[in-house]
2 protein chains.
Amino acid sequence: MSAQTSRRERLRQATLEEIHAAARKLLVEQGSAAVTINAVARQVGMSGPALYHYYAGHDELVGAVTADFFRELAAVMERARDARAGAPTGERLLAVCRAMRAWSVAHPAEFGWIFASTISPPNRGAASARHQAALRFEQVLLDLTAELWRNRPFPVPDLAALPASQREQLTAYSAAIDGRLPPEAAHVFLACWIRLYGLLCMEVLHQLDFAYTDMEPVFEECLRDLATALGIDDTQGAAS
Amino acid sequence: MSAQTSRRERLRQATLEEIHAAARKLLVEQGSAAVTINAVARQVGMSGPALYHYYAGHDELVGAVTADFFRELAAVMERARDARAGAPTGERLLAVCRAMRAWSVAHPAEFGWIFASTISPPNRGAASARHQAALRFEQVLLDLTAELWRNRPFPVPDLAALPASQREQLTAYSAAIDGRLPPEAAHVFLACWIRLYGLLCMEVLHQLDFAYTDMEPVFEECLRDLATALGIDDTQGAAS
DNA sequence: ATGTTTCCTTAATGGCTCTAAGCAAACCTA
DNA sequence: TAGGTTTGCTTAGAGCCATTAAGGAAACAT
(Lines give C-alpha, C1' and ligand atoms only; values in the text may rest on other atoms or scores of the structure.)
Protein backbone atom coordinates (compact mmCIF):
# COMPACT_ATOMS: atom_id res chain seq x y z
CA MET A 1 0.00 0.00 0.00
CA SER A 2 2.06 2.94 -1.24
CA ALA A 3 1.41 6.39 0.13
CA GLN A 4 1.29 7.72 -3.40
CA THR A 5 -1.77 6.58 -5.30
CA SER A 6 -0.77 3.95 -7.78
CA ARG A 7 -2.02 3.80 -11.31
CA ARG A 8 -4.18 0.83 -10.35
CA GLU A 9 -5.69 2.76 -7.49
CA ARG A 10 -6.50 5.68 -9.75
CA LEU A 11 -8.20 3.46 -12.24
CA ARG A 12 -10.18 1.80 -9.51
CA GLN A 13 -11.38 5.15 -8.18
CA ALA A 14 -12.43 6.20 -11.64
CA THR A 15 -14.39 3.00 -12.06
CA LEU A 16 -16.06 3.52 -8.69
CA GLU A 17 -17.11 7.00 -9.71
CA GLU A 18 -18.48 5.68 -12.95
CA ILE A 19 -20.45 3.04 -11.07
CA HIS A 20 -21.92 5.59 -8.71
CA ALA A 21 -22.85 7.86 -11.58
CA ALA A 22 -24.55 5.00 -13.39
CA ALA A 23 -26.49 4.03 -10.27
CA ARG A 24 -27.60 7.58 -9.72
CA LYS A 25 -28.64 7.97 -13.32
CA LEU A 26 -30.79 4.87 -13.07
CA LEU A 27 -32.29 6.02 -9.78
CA VAL A 28 -33.20 9.45 -11.06
CA GLU A 29 -34.45 8.36 -14.45
CA GLN A 30 -36.20 5.11 -13.66
CA GLY A 31 -36.70 4.98 -9.94
CA SER A 32 -35.36 3.02 -7.07
CA ALA A 33 -36.25 -0.42 -8.40
CA ALA A 34 -34.17 0.12 -11.54
CA VAL A 35 -30.95 0.32 -9.57
CA THR A 36 -29.97 -3.33 -9.88
CA ILE A 37 -26.51 -4.80 -9.99
CA ASN A 38 -27.07 -5.98 -13.51
CA ALA A 39 -28.46 -2.73 -14.81
CA VAL A 40 -25.68 -0.68 -13.26
CA ALA A 41 -23.05 -3.02 -14.68
CA ARG A 42 -24.64 -2.84 -18.09
CA GLN A 43 -24.61 0.94 -17.94
CA VAL A 44 -20.95 0.99 -17.03
CA GLY A 45 -20.15 -1.43 -19.82
CA MET A 46 -19.21 -4.49 -17.86
CA SER A 47 -21.40 -7.44 -17.45
CA GLY A 48 -23.02 -8.51 -14.24
CA PRO A 49 -20.86 -10.17 -11.66
CA ALA A 50 -17.93 -7.85 -12.35
CA LEU A 51 -19.47 -5.41 -9.91
CA TYR A 52 -18.78 -7.82 -7.10
CA HIS A 53 -15.13 -6.81 -7.35
CA TYR A 54 -16.22 -3.41 -6.13
CA TYR A 55 -19.07 -4.14 -3.79
CA ALA A 56 -19.98 -7.23 -1.85
CA GLY A 57 -23.58 -7.05 -2.98
CA HIS A 58 -26.55 -4.91 -3.81
CA ASP A 59 -26.99 -3.51 -0.31
CA GLU A 60 -23.41 -2.34 -0.12
CA LEU A 61 -23.65 -0.59 -3.46
CA VAL A 62 -26.81 1.16 -2.38
CA GLY A 63 -25.17 2.15 0.88
CA ALA A 64 -22.17 3.64 -0.88
CA VAL A 65 -24.30 5.65 -3.28
CA THR A 66 -26.52 6.83 -0.43
CA ALA A 67 -23.45 7.98 1.44
CA ASP A 68 -22.52 9.98 -1.66
CA PHE A 69 -25.86 11.73 -1.54
CA PHE A 70 -25.43 12.47 2.13
CA ARG A 71 -22.01 13.95 1.45
CA GLU A 72 -23.31 16.03 -1.40
CA LEU A 73 -26.10 17.40 0.76
CA ALA A 74 -23.70 18.13 3.58
CA ALA A 75 -21.35 19.87 1.18
CA VAL A 76 -24.14 22.06 -0.15
CA MET A 77 -25.03 23.04 3.38
CA GLU A 78 -21.43 23.74 4.30
CA ARG A 79 -21.06 25.91 1.25
CA ALA A 80 -24.13 27.91 2.23
CA ARG A 81 -22.63 28.34 5.66
CA ASP A 82 -19.22 29.38 4.43
CA ALA A 83 -20.57 31.76 1.81
CA ARG A 84 -21.74 33.93 4.69
CA ALA A 85 -18.63 33.62 6.78
CA GLY A 86 -18.88 37.00 8.47
CA ALA A 87 -22.65 37.14 8.90
CA PRO A 88 -24.48 36.60 12.18
CA THR A 89 -24.77 32.96 13.17
CA GLY A 90 -28.54 33.00 13.01
CA GLU A 91 -28.55 34.21 9.45
CA ARG A 92 -26.08 31.53 8.46
CA LEU A 93 -28.18 28.85 10.12
CA LEU A 94 -31.24 29.90 8.19
CA ALA A 95 -29.25 29.94 4.97
CA VAL A 96 -28.10 26.41 5.69
CA CYS A 97 -31.67 25.27 6.23
CA ARG A 98 -32.75 26.83 2.95
CA ALA A 99 -29.86 25.19 1.18
CA MET A 100 -30.93 21.88 2.64
CA ARG A 101 -34.42 22.28 1.30
CA ALA A 102 -33.23 23.52 -2.07
CA TRP A 103 -31.10 20.42 -2.55
CA SER A 104 -33.81 18.09 -1.32
CA VAL A 105 -36.47 19.52 -3.57
CA ALA A 106 -34.12 19.52 -6.53
CA HIS A 107 -33.12 15.91 -5.87
CA PRO A 108 -36.20 14.13 -4.59
CA ALA A 109 -35.07 10.66 -5.59
CA GLU A 110 -31.76 11.08 -3.81
CA PHE A 111 -33.43 12.51 -0.75
CA GLY A 112 -35.82 9.59 -0.75
CA TRP A 113 -32.90 7.22 -0.51
CA ILE A 114 -31.35 9.18 2.31
CA PHE A 115 -34.49 9.35 4.31
CA ALA A 116 -37.08 6.81 3.45
CA SER A 117 -34.77 3.86 3.15
CA THR A 118 -34.92 1.21 5.76
CA ILE A 119 -31.24 1.05 6.64
CA SER A 120 -30.07 -2.42 5.69
CA PRO A 121 -27.77 -4.29 8.06
CA PRO A 122 -24.45 -3.73 6.21
CA ASN A 123 -25.00 0.02 6.46
CA ARG A 124 -26.19 0.06 10.03
CA GLY A 125 -22.81 -0.01 11.73
CA ALA A 126 -21.34 3.15 13.19
CA ALA A 127 -18.30 2.69 10.96
CA SER A 128 -20.28 2.53 7.73
CA ALA A 129 -19.79 5.28 5.19
CA ARG A 130 -23.48 5.96 5.39
CA HIS A 131 -23.33 6.65 9.09
CA GLN A 132 -20.21 8.78 8.78
CA ALA A 133 -21.85 10.92 6.16
CA ALA A 134 -24.97 11.25 8.28
CA LEU A 135 -22.83 12.50 11.14
CA ARG A 136 -21.17 15.14 9.01
CA PHE A 137 -24.59 16.23 7.85
CA GLU A 138 -25.89 16.53 11.41
CA GLN A 139 -22.71 18.35 12.35
CA VAL A 140 -23.38 21.35 10.16
CA LEU A 141 -26.58 22.24 11.95
CA LEU A 142 -25.21 21.25 15.33
CA ASP A 143 -22.12 23.44 14.94
CA LEU A 144 -24.10 26.51 14.08
CA THR A 145 -26.60 25.89 16.85
CA ALA A 146 -23.78 25.47 19.36
CA GLU A 147 -22.24 28.70 18.13
CA LEU A 148 -25.58 30.39 18.54
CA TRP A 149 -25.82 28.99 22.04
CA ARG A 150 -22.39 30.28 22.99
CA ASN A 151 -22.97 33.76 21.60
CA ARG A 152 -26.46 34.36 22.85
CA PRO A 153 -28.12 31.47 24.70
CA PHE A 154 -31.64 30.86 23.49
CA PRO A 155 -34.51 30.10 25.88
CA VAL A 156 -34.56 26.54 27.12
CA PRO A 157 -37.03 24.50 29.16
CA ASP A 158 -36.40 23.60 32.76
CA LEU A 159 -34.63 20.26 32.71
CA ALA A 160 -36.12 19.27 36.06
CA ALA A 161 -39.62 19.67 34.65
CA LEU A 162 -39.08 17.11 31.92
CA PRO A 163 -40.00 13.44 32.30
CA ALA A 164 -37.13 11.39 33.70
CA SER A 165 -36.81 9.30 30.55
CA GLN A 166 -36.37 12.34 28.37
CA ARG A 167 -33.93 13.95 30.82
CA GLU A 168 -31.72 10.89 30.70
CA GLN A 169 -31.77 10.70 26.94
CA LEU A 170 -30.92 14.37 26.59
CA THR A 171 -28.08 14.04 29.06
CA ALA A 172 -26.69 11.10 27.13
CA TYR A 173 -26.99 12.96 23.86
CA SER A 174 -25.35 16.05 25.32
CA ALA A 175 -22.43 13.88 26.35
CA ALA A 176 -22.31 12.26 22.92
CA ILE A 177 -21.80 15.66 21.32
CA ASP A 178 -19.01 16.44 23.81
CA GLY A 179 -21.17 18.78 25.79
CA ARG A 180 -21.23 21.36 23.08
CA LEU A 181 -24.85 21.86 24.05
CA PRO A 182 -26.14 21.22 27.55
CA PRO A 183 -29.13 18.86 27.76
CA GLU A 184 -31.67 21.67 27.88
CA ALA A 185 -30.25 23.28 24.76
CA ALA A 186 -30.02 19.90 23.07
CA HIS A 187 -33.74 19.63 23.69
CA VAL A 188 -34.39 22.76 21.69
CA PHE A 189 -31.94 21.73 18.99
CA LEU A 190 -33.62 18.36 18.54
CA ALA A 191 -37.07 19.92 18.51
CA CYS A 192 -35.98 22.20 15.68
CA TRP A 193 -34.31 19.36 13.84
CA ILE A 194 -37.47 17.27 14.07
CA ARG A 195 -39.66 19.99 12.65
CA LEU A 196 -37.27 20.81 9.85
CA TYR A 197 -36.50 17.29 8.79
CA GLY A 198 -40.07 16.12 9.28
CA LEU A 199 -41.46 18.87 7.09
CA LEU A 200 -38.96 18.14 4.36
CA CYS A 201 -39.86 14.48 4.39
CA MET A 202 -43.54 15.25 4.08
CA GLU A 203 -42.82 17.51 1.13
CA VAL A 204 -40.43 15.30 -0.78
CA LEU A 205 -42.45 12.14 -0.22
CA HIS A 206 -45.59 13.96 -1.36
CA GLN A 207 -47.57 13.33 1.76
CA LEU A 208 -49.11 16.78 1.58
CA ASP A 209 -50.15 16.85 -2.03
CA PHE A 210 -53.81 16.74 -1.03
CA ALA A 211 -53.48 20.29 0.24
CA TYR A 212 -50.16 21.86 -0.72
CA THR A 213 -48.25 21.59 -3.95
CA ASP A 214 -46.04 24.62 -3.43
CA MET A 215 -44.53 24.16 -0.02
CA GLU A 216 -42.10 27.03 -0.11
CA PRO A 217 -44.24 29.37 2.03
CA VAL A 218 -44.90 26.56 4.50
CA PHE A 219 -41.20 25.99 4.81
CA GLU A 220 -40.49 29.67 5.37
CA GLU A 221 -43.16 29.68 8.03
CA CYS A 222 -41.47 26.77 9.75
CA LEU A 223 -38.17 28.60 9.53
CA ARG A 224 -39.68 31.63 11.23
CA ASP A 225 -40.85 29.40 14.06
CA LEU A 226 -37.38 27.95 14.43
CA ALA A 227 -35.81 31.39 14.37
CA THR A 228 -38.08 32.43 17.19
CA ALA A 229 -37.29 29.32 19.19
CA LEU A 230 -33.57 29.91 18.73
CA GLY A 231 -33.75 33.58 19.55
CA ILE A 232 -32.73 34.70 16.09
CA ASP A 233 -34.05 38.20 15.50
CA ASP A 234 -35.06 38.12 11.92
CA THR A 235 -34.17 41.66 11.02
CA GLN A 236 -32.95 40.59 7.60
CA GLY A 237 -36.01 39.69 5.55
CA ALA A 238 -36.55 36.07 4.65
CA ALA A 239 -35.68 35.43 1.04
CA SER A 240 -38.75 34.66 -0.97
CA MET B 1 -74.78 -10.11 -10.07
CA SER B 2 -77.23 -10.93 -7.28
CA ALA B 3 -77.78 -8.47 -4.47
CA GLN B 4 -77.36 -11.29 -2.02
CA THR B 5 -73.78 -12.49 -1.81
CA SER B 6 -73.47 -15.74 -3.64
CA ARG B 7 -71.52 -18.68 -2.40
CA ARG B 8 -68.83 -17.93 -4.97
CA GLU B 9 -68.56 -14.39 -3.76
CA ARG B 10 -68.19 -15.49 -0.16
CA LEU B 11 -65.44 -17.88 -1.04
CA ARG B 12 -63.66 -15.23 -3.01
CA GLN B 13 -63.82 -12.81 -0.10
CA ALA B 14 -62.43 -15.44 2.23
CA THR B 15 -59.57 -16.08 -0.14
CA LEU B 16 -58.86 -12.36 -0.39
CA GLU B 17 -58.69 -12.12 3.37
CA GLU B 18 -56.36 -15.07 3.49
CA ILE B 19 -54.13 -13.44 0.90
CA HIS B 20 -54.01 -10.19 2.81
CA ALA B 21 -53.21 -11.98 6.04
CA ALA B 22 -50.41 -13.91 4.37
CA ALA B 23 -48.95 -10.74 2.88
CA ARG B 24 -49.08 -8.99 6.22
CA LYS B 25 -47.48 -11.93 7.98
CA LEU B 26 -44.62 -11.89 5.51
CA LEU B 27 -44.24 -8.14 5.83
CA VAL B 28 -44.13 -8.17 9.61
CA GLU B 29 -41.94 -11.23 9.98
CA GLN B 30 -39.52 -10.85 7.11
CA GLY B 31 -39.78 -7.30 5.90
CA SER B 32 -41.06 -5.55 2.86
CA ALA B 33 -38.93 -7.40 0.32
CA ALA B 34 -40.39 -10.75 1.40
CA VAL B 35 -43.86 -9.79 0.21
CA THR B 36 -43.62 -11.27 -3.25
CA ILE B 37 -46.40 -12.72 -5.33
CA ASN B 38 -44.79 -16.12 -5.16
CA ALA B 39 -44.19 -16.10 -1.43
CA VAL B 40 -47.72 -14.95 -0.66
CA ALA B 41 -49.19 -17.58 -2.95
CA ARG B 42 -47.04 -20.26 -1.33
CA GLN B 43 -48.22 -19.13 2.10
CA VAL B 44 -51.83 -19.34 1.04
CA GLY B 45 -51.31 -22.75 -0.49
CA MET B 46 -51.68 -22.00 -4.13
CA SER B 47 -48.88 -21.75 -6.51
CA GLY B 48 -47.70 -18.61 -8.18
CA PRO B 49 -49.78 -17.26 -11.01
CA ALA B 50 -53.03 -18.12 -9.28
CA LEU B 51 -52.80 -14.81 -7.47
CA TYR B 52 -53.30 -13.02 -10.75
CA HIS B 53 -56.94 -14.02 -10.54
CA TYR B 54 -57.20 -11.72 -7.55
CA TYR B 55 -54.78 -8.91 -8.36
CA ALA B 56 -53.41 -7.68 -11.63
CA GLY B 57 -49.88 -7.63 -10.30
CA HIS B 58 -47.57 -7.03 -7.41
CA ASP B 59 -48.30 -3.32 -7.15
CA GLU B 60 -52.01 -3.86 -6.92
CA LEU B 61 -51.63 -6.44 -4.19
CA VAL B 62 -49.42 -4.09 -2.22
CA GLY B 63 -51.91 -1.29 -2.73
CA ALA B 64 -54.79 -3.39 -1.46
CA VAL B 65 -52.90 -4.47 1.64
CA THR B 66 -51.77 -0.93 2.30
CA ALA B 67 -55.35 0.23 2.07
CA ASP B 68 -56.17 -2.37 4.72
CA PHE B 69 -53.60 -0.86 7.01
CA PHE B 70 -54.98 2.59 6.41
CA ARG B 71 -58.46 1.38 7.26
CA GLU B 72 -57.26 -0.35 10.39
CA LEU B 73 -55.50 2.80 11.55
CA ALA B 74 -58.54 4.91 10.78
CA ALA B 75 -60.75 2.46 12.67
CA VAL B 76 -58.50 2.60 15.72
CA MET B 77 -58.69 6.37 15.65
CA GLU B 78 -62.45 6.37 15.23
CA ARG B 79 -62.79 4.01 18.16
CA ALA B 80 -60.70 6.32 20.33
CA ARG B 81 -62.95 9.18 19.30
CA ASP B 82 -66.18 7.32 19.95
CA ALA B 83 -65.05 5.92 23.27
CA ARG B 84 -65.18 9.48 24.58
CA ALA B 85 -68.44 10.42 22.96
CA GLY B 86 -69.53 12.93 25.57
CA ALA B 87 -66.16 14.45 26.35
CA PRO B 88 -64.97 17.87 25.18
CA THR B 89 -63.87 17.90 21.55
CA GLY B 90 -60.31 18.84 22.41
CA GLU B 91 -59.91 15.90 24.72
CA ARG B 92 -61.25 13.58 22.06
CA LEU B 93 -58.87 15.01 19.49
CA LEU B 94 -55.88 14.38 21.72
CA ALA B 95 -57.09 10.86 22.39
CA VAL B 96 -57.30 10.25 18.66
CA CYS B 97 -53.73 11.48 18.20
CA ARG B 98 -52.50 9.19 20.94
CA ALA B 99 -54.35 6.29 19.39
CA MET B 100 -52.72 7.08 16.09
CA ARG B 101 -49.27 6.97 17.64
CA ALA B 102 -50.05 3.83 19.63
CA TRP B 103 -51.03 1.97 16.50
CA SER B 104 -48.09 3.27 14.51
CA VAL B 105 -45.54 2.33 17.13
CA ALA B 106 -47.12 -1.08 17.61
CA HIS B 107 -47.15 -1.70 13.85
CA PRO B 108 -44.02 -0.10 12.45
CA ALA B 109 -43.85 -2.27 9.34
CA GLU B 110 -47.44 -1.45 8.44
CA PHE B 111 -46.94 2.22 9.11
CA GLY B 112 -43.85 2.13 6.94
CA TRP B 113 -45.94 0.92 4.05
CA ILE B 114 -48.53 3.60 4.60
CA PHE B 115 -46.08 6.39 4.77
CA ALA B 116 -42.72 5.66 3.30
CA SER B 117 -43.94 3.97 0.17
CA THR B 118 -43.56 5.76 -3.06
CA ILE B 119 -47.11 5.50 -4.29
CA SER B 120 -47.00 3.39 -7.42
CA PRO B 121 -49.07 4.44 -10.43
CA PRO B 122 -51.95 1.93 -10.03
CA ASN B 123 -52.59 3.30 -6.54
CA ARG B 124 -52.22 6.93 -7.41
CA GLY B 125 -55.70 7.52 -8.75
CA ALA B 126 -58.32 9.24 -6.66
CA ALA B 127 -60.56 6.20 -7.03
CA SER B 128 -58.00 3.74 -5.69
CA ALA B 129 -58.75 1.96 -2.44
CA ARG B 130 -55.55 3.38 -1.08
CA HIS B 131 -56.67 6.92 -1.67
CA GLN B 132 -60.13 6.29 -0.29
CA ALA B 133 -58.68 4.88 2.90
CA ALA B 134 -56.32 7.82 3.20
CA LEU B 135 -59.29 10.16 2.96
CA ARG B 136 -61.17 8.41 5.73
CA PHE B 137 -58.06 8.62 7.84
CA GLU B 138 -57.68 12.33 7.24
CA GLN B 139 -61.37 12.76 7.93
CA VAL B 140 -61.17 11.70 11.56
CA LEU B 141 -58.83 14.53 12.46
CA LEU B 142 -60.54 16.97 10.16
CA ASP B 143 -63.98 16.29 11.65
CA LEU B 144 -62.82 16.88 15.18
CA THR B 145 -60.90 19.98 14.22
CA ALA B 146 -63.93 21.37 12.42
CA GLU B 147 -66.05 20.65 15.48
CA LEU B 148 -63.50 22.44 17.61
CA TRP B 149 -63.60 25.36 15.22
CA ARG B 150 -67.39 25.59 15.38
CA ASN B 151 -67.53 25.40 19.18
CA ARG B 152 -64.71 27.71 20.04
CA PRO B 153 -62.71 29.12 17.12
CA PHE B 154 -58.98 28.86 17.69
CA PRO B 155 -56.59 31.68 16.81
CA VAL B 156 -55.79 31.91 13.12
CA PRO B 157 -53.33 33.96 11.10
CA ASP B 158 -54.41 36.85 8.94
CA LEU B 159 -55.09 35.43 5.52
CA ALA B 160 -54.13 38.68 3.84
CA ALA B 161 -50.67 38.49 5.40
CA LEU B 162 -49.87 35.14 3.83
CA PRO B 163 -48.05 34.80 0.51
CA ALA B 164 -50.40 34.72 -2.43
CA SER B 165 -49.45 31.17 -3.38
CA GLN B 166 -50.30 29.85 0.04
CA ARG B 167 -53.52 31.81 0.20
CA GLU B 168 -54.69 30.29 -3.05
CA GLN B 169 -53.81 26.79 -1.98
CA LEU B 170 -55.58 27.18 1.34
CA THR B 171 -58.66 28.55 -0.38
CA ALA B 172 -58.71 25.61 -2.75
CA TYR B 173 -58.28 23.16 0.10
CA SER B 174 -61.01 24.85 2.11
CA ALA B 175 -63.31 24.39 -0.84
CA ALA B 176 -62.24 20.77 -1.23
CA ILE B 177 -63.39 20.05 2.33
CA ASP B 178 -66.70 21.74 1.64
CA GLY B 179 -65.79 24.81 3.60
CA ARG B 180 -65.92 23.00 6.90
CA LEU B 181 -62.88 25.06 7.77
CA PRO B 182 -62.23 28.50 6.31
CA PRO B 183 -58.81 28.92 4.70
CA GLU B 184 -57.25 30.49 7.80
CA ALA B 185 -58.40 27.64 9.99
CA ALA B 186 -57.28 25.13 7.39
CA HIS B 187 -53.86 26.69 7.71
CA VAL B 188 -53.74 25.86 11.39
CA PHE B 189 -55.16 22.39 10.82
CA LEU B 190 -52.54 21.59 8.21
CA ALA B 191 -49.74 22.94 10.39
CA CYS B 192 -50.84 20.62 13.18
CA TRP B 193 -51.17 17.72 10.81
CA ILE B 194 -47.68 18.28 9.47
CA ARG B 195 -46.10 18.32 12.92
CA LEU B 196 -47.99 15.27 14.10
CA TYR B 197 -47.46 13.15 11.03
CA GLY B 198 -43.90 14.32 10.55
CA LEU B 199 -42.94 13.43 14.09
CA LEU B 200 -44.49 10.01 13.79
CA CYS B 201 -42.59 9.33 10.60
CA MET B 202 -39.32 10.30 12.18
CA GLU B 203 -40.03 7.97 15.07
CA VAL B 204 -41.20 4.94 13.16
CA LEU B 205 -38.52 5.22 10.49
CA HIS B 206 -35.87 5.54 13.21
CA GLN B 207 -34.49 8.84 12.02
CA LEU B 208 -34.03 10.02 15.58
CA ASP B 209 -32.30 7.01 17.03
CA PHE B 210 -29.09 8.96 17.35
CA ALA B 211 -30.67 10.95 20.15
CA TYR B 212 -34.02 9.52 21.23
CA THR B 213 -35.05 5.93 21.63
CA ASP B 214 -38.10 6.56 23.80
CA MET B 215 -40.11 9.15 21.92
CA GLU B 216 -43.18 9.12 24.11
CA PRO B 217 -42.30 12.33 26.00
CA VAL B 218 -41.39 14.05 22.74
CA PHE B 219 -44.77 13.12 21.33
CA GLU B 220 -46.59 14.39 24.39
CA GLU B 221 -44.66 17.61 24.09
CA CYS B 222 -45.77 17.94 20.49
CA LEU B 223 -49.33 17.28 21.57
CA ARG B 224 -49.15 20.07 24.12
CA ASP B 225 -48.01 22.42 21.37
CA LEU B 226 -50.90 21.38 19.19
CA ALA B 227 -53.35 21.79 22.05
CA THR B 228 -52.11 25.31 22.55
CA ALA B 229 -52.38 26.10 18.86
CA LEU B 230 -55.93 24.76 18.78
CA GLY B 231 -56.98 26.54 21.94
CA ILE B 232 -57.54 23.35 23.88
CA ASP B 233 -57.16 24.11 27.55
CA ASP B 234 -55.44 21.06 28.87
CA THR B 235 -57.09 20.93 32.26
CA GLN B 236 -57.16 17.16 32.15
CA GLY B 237 -53.58 15.94 32.61
CA ALA B 238 -51.85 14.29 29.68
CA ALA B 239 -51.75 10.55 30.13
CA SER B 240 -48.22 9.38 30.66
C1' DA C 1 11.21 -13.91 -16.87
C1' DT C 2 8.12 -15.48 -13.50
C1' DG C 3 4.78 -15.54 -10.16
C1' DT C 4 1.05 -12.90 -8.12
C1' DT C 5 -2.60 -9.80 -8.02
C1' DT C 6 -6.43 -7.62 -10.23
C1' DC C 7 -10.14 -7.25 -13.38
C1' DC C 8 -13.09 -9.21 -15.96
C1' DT C 9 -15.48 -13.00 -18.38
C1' DT C 10 -18.99 -16.93 -18.97
C1' DA C 11 -21.77 -20.64 -16.79
C1' DA C 12 -25.01 -21.89 -13.62
C1' DT C 13 -28.48 -21.85 -9.61
C1' DG C 14 -32.49 -20.34 -7.88
C1' DG C 15 -35.78 -16.65 -7.08
C1' DC C 16 -38.76 -13.18 -8.95
C1' DT C 17 -42.86 -11.12 -12.23
C1' DC C 18 -45.86 -12.07 -15.48
C1' DT C 19 -48.09 -14.38 -19.85
C1' DA C 20 -50.03 -18.35 -22.13
C1' DA C 21 -52.42 -22.53 -22.48
C1' DG C 22 -55.32 -25.73 -20.54
C1' DC C 23 -57.95 -28.74 -17.09
C1' DA C 24 -61.73 -29.41 -13.87
C1' DA C 25 -65.19 -28.09 -10.89
C1' DA C 26 -68.97 -24.92 -9.95
C1' DC C 27 -72.54 -22.31 -11.81
C1' DC C 28 -76.38 -20.90 -14.75
C1' DT C 29 -79.91 -22.03 -17.95
C1' DA C 30 -82.93 -24.24 -20.92
C1' DT D 1 -80.73 -32.67 -15.93
C1' DA D 2 -77.70 -31.85 -20.01
C1' DG D 3 -75.47 -27.95 -22.17
C1' DG D 4 -72.29 -24.26 -22.30
C1' DT D 5 -70.02 -20.70 -19.61
C1' DT D 6 -67.56 -18.79 -15.92
C1' DT D 7 -64.19 -19.31 -12.31
C1' DG D 8 -60.16 -21.08 -9.91
C1' DC D 9 -56.53 -23.18 -10.38
C1' DT D 10 -52.57 -25.72 -12.66
C1' DT D 11 -47.98 -26.21 -15.28
C1' DA D 12 -44.72 -24.31 -18.78
C1' DG D 13 -41.94 -20.79 -20.05
C1' DA D 14 -39.64 -16.15 -21.07
C1' DG D 15 -36.96 -12.74 -19.17
C1' DC D 16 -35.43 -10.33 -15.32
C1' DC D 17 -32.75 -10.36 -10.91
C1' DA D 18 -28.65 -11.61 -7.14
C1' DT D 19 -25.11 -14.31 -6.27
C1' DT D 20 -21.40 -18.04 -6.57
C1' DA D 21 -17.93 -20.57 -9.06
C1' DA D 22 -14.31 -21.24 -12.26
C1' DG D 23 -11.11 -19.50 -15.25
C1' DG D 24 -8.54 -16.38 -18.59
C1' DA D 25 -5.79 -12.40 -19.61
C1' DA D 26 -3.56 -8.29 -18.55
C1' DA D 27 -0.94 -5.49 -15.21
C1' DC D 28 2.17 -5.47 -11.72
C1' DA D 29 6.19 -6.79 -8.67
C1' DT D 30 10.49 -8.88 -8.19
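The model shown is predicted, which means the values in this text are computed figures rather than measured ones. By convention in this document, chain letters (A, B, ...) are assigned in the order of the sequence lines, proteins followed by strands, and residues within each chain are numbered from 1.
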Report task. Name the residue closer to the 5' end of DNA chain D, choosing between A/Arg42 and A/Pro49 according to the nucleotide with the nearest heavy atom. Result -> A/Arg42
Query raised in the report: Roughly how many Å is it from CD1 in B/Ile37 to P in C/dT19, rounded to a whole number?
Result: 10 Å
**Report entry** Upstream residue (5' side of DNA chain C) when B/Ala56 and B/Leu11 are each assigned their closest nucleotide
**Finding:** B/Ala56
Report summary line: Per atom distances to the B/Ser47 side chain, the nearest of C/dT10, D/dC9, D/dT10 is D/dT10
Query raised in the report: Do A/Tyr173 and A/Trp193 make the cut of ring centroids closer than 6.0 angstrom?
Result: no
Requested in this report: For A/Leu51 and C/dC7, give me the distance from atom CG to atom C1', rounded to whole Å.
Outcome: 12 Å
Report summary line: note: A/Leu26, atom CG; D/dC16, atom P; distance rounded to Å ~ 15 Å
Requested in this report: Please work out if B/Gly48 contacts a base, only the sugar-phosphate, or nothing of the nucleic acid, heavy-atom cut-off 4.0 Å.
Outcome: nothing
Query - Polar pair under 3.5 Å, donor/acceptor by atom type, side chain A/His53, base C/dC7 - result: no
Query raised in the report: Considering heavy-atom distances to DNA chain C, does B/His58 or A/Ala50 have its closest nucleotide positioned more toward the 5' end?
Result: A/Ala50
Query - Spatial distance of atom CZ (B/Arg81) from atom CD (B/Glu78) [nearest 0.5 Å] - result: 5.0 Å
Report summary line: Here the distance between atom C1' of D/dT19 and atom CD of A/Glu60, to the nearest Å, is 14 Å
**Report entry** Cationic N near anionic O, under 4.0 Å, B/Glu29 to B/Arg24
**Finding:** no
Requested in this report: Give a yes or no on whether a salt bridge exists between A/Asp68 and A/Arg71, defined as a side-chain N under 4.0 angstrom from a carboxylate O.
Outcome: yes
Query - Nucleotide C/dC27, atom P - distance to CZ of B/Arg12 in whole Å - result: 14 Å
Query - Any B/Thr36 side-chain N or O less than 4.0 Å from OP1/OP2 of C/dC16 - result: yes
Query raised in the report: Should the ring pair B/Trp113 and B/Phe69 be called parallel, tilted or perpendicular, given that the plane angle runs from 0 to 90° and is split at 30 and 60?
Result: tilted
Requested in this report: Provide, to the nearest angstrom, the distance between the CD1 atom belonging to B/Ile19 and the P atom belonging to D/dC9.
Outcome: 8 Å
Report task. Look at the side-chain N and O atoms of A/Tyr52 and state whether any lies under 4.0 Å from the OP1 or OP2 oxygen of C/dC7. Result -> no
Requested in this report: Specify the separation, in whole Å, of atom CD of B/Gln30 and atom C1' of C/dG15.
Outcome: 14 Å
Query raised in the report: Within the pair B/Asn38 and C/dC16, is there a side-chain N or O less than 4.0 Å away from OP1 or OP2?
Result: yes
Query - Integer-rounded Å distance: D/dC9 P and B/Tyr55 OH - result: 13 Å
